[in-house]
Amino acid sequence: MAYDTNNIFAKILRGEIPCIKLFEDEHTLAFMDIMPQAEGHALVIPKEPATTLFELSDAAAAACMATVRRIGNAQKKGLGAEGIVLMQLNGAAAGQTVPHFHIHVIPGSIADLRKPHAMVMADTDQLKAVAERIIGAI
Ligand code: AMP
């Protein structure tokens, strides 16, 4: 499937719509999920345009994992998270809703992920407050 340059994460990368940013480097961006399934739910995306893991370059995949480690460590330190769940969906058939590769980095336990996926919008001020705690631990 051709990459959709108008998907919401492509717009975030171009600065056309805002995000609550946690971290950015040359190859990746990490930001808060606006419909979190647990407190501190973050997303890591590559700057490279790729819909799923299977179109992503090895270099971009490695860069994403380095940023995932950075964010997960900050969630552990800043939020006191004992466990970090990673989730990564490939294709609409798997439940992927945004067609730009991303890794969910979710503090807590798989047993806590009771909120429905991409359904409940969080309060922006609360998200920003949690983001500050993560950023402070990066
Ligand atoms: P997936 O279903 O794996 O494609 O996940 C997409 C994720 O993006 C969901 O968890 C949504 O809550 C999240 N999301 C959608 N739009 C935005 C946005 N504008 N900013 C941050 N997160 C978003």
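Residue indices begin at 1 and follow the sequence shown. We count ligands from 1, going down the list as the structure has it; atoms in each ligand are counted the same way.
Here side-chain hydrogen bond (donor to acceptor under 3.5 Å, both in side chains) pairs that include residues 89-99, with residues two or more places apart or in two chains, are Q88-N90.
With a 4.0 Å heavy-atom cut-off, ligand 1 is reached by the side chain of H102 but not by its N, CA, C or O.
Residue V98 has at least one N or O atom closer than 3.5 Å to an N or O atom of ligand 1. Considering backbone and side-chain N/O of Q96, none are found under 3.5 Å from N/O of ligand 1.
Of the protein's heavy atoms, I34 CG1, 3.5 Å lies nearest to atom 23 (C) of ligand 1. At the top of the distance list for atom 10 (O) of ligand 1, counting protein heavy atoms only, stands D33 OD2, 2.5 Å. Shortest contact from atom 2 (O) of ligand 1 to any protein heavy atom: H117 NE2, 2.5 Å. The closest protein non-hydrogen atom to atom 8 (O) of ligand 1 is F9 CZ, 3.4 Å. For atom 15 (C) of ligand 1, the closest non-hydrogen atom on the protein side is M35 CE, 3.9 Å.
Rounding to the nearest 0.5 angstrom, the gap separating the CD1 atom in I138 from the CZ atom in R133 is 13.5 Å.
No donor-acceptor distance shorter than 3.5 angstrom exists from the side chain of Q126 to the backbone of D123, with no hydrogens or angles considered. The backbone N or O of I134 sits nowhere less than 3.5 Å from a side-chain atom of Q75 that would complete a donor-acceptor pair.
In this structure, M32 has a heavy atom closer than 4.0 Å to ligand 1. G95 counts as a contact of ligand 1, since one of its heavy atoms falls under 4.0 Å from the ligand. Heavy-atom distances between H104 and ligand 1 reach below 4.0 Å in at least one pair.
Between K47 and E24 there is a salt bridge, since at least one side-chain N of the basic residue sits less than 4.0 Å from a carboxylate O of the acidic one.
Around atom CE of M65, no more than 12 heavy atoms belonging to other residues, nucleotides or ligands sit under 6.0 Å away. By the 6.0 Å contact criterion, CD on E82 is open, its count of non-hydrogen atoms from other residues, nucleotides or ligands being 12 or less.
Atoms of ligand 1 lying under 4.0 Å from any heavy atom of F31, numbered from 1 in the order shown and given with element: 21 (C).
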Check the pair I84, I106 against side chain to side chain contact (heavy atoms under 4.5 Å, CB included), reporting the backbone distance first and the verdict last.
-> CA-CA 6 Å; I84 304 292; I106 310 173; over 6 Å; no

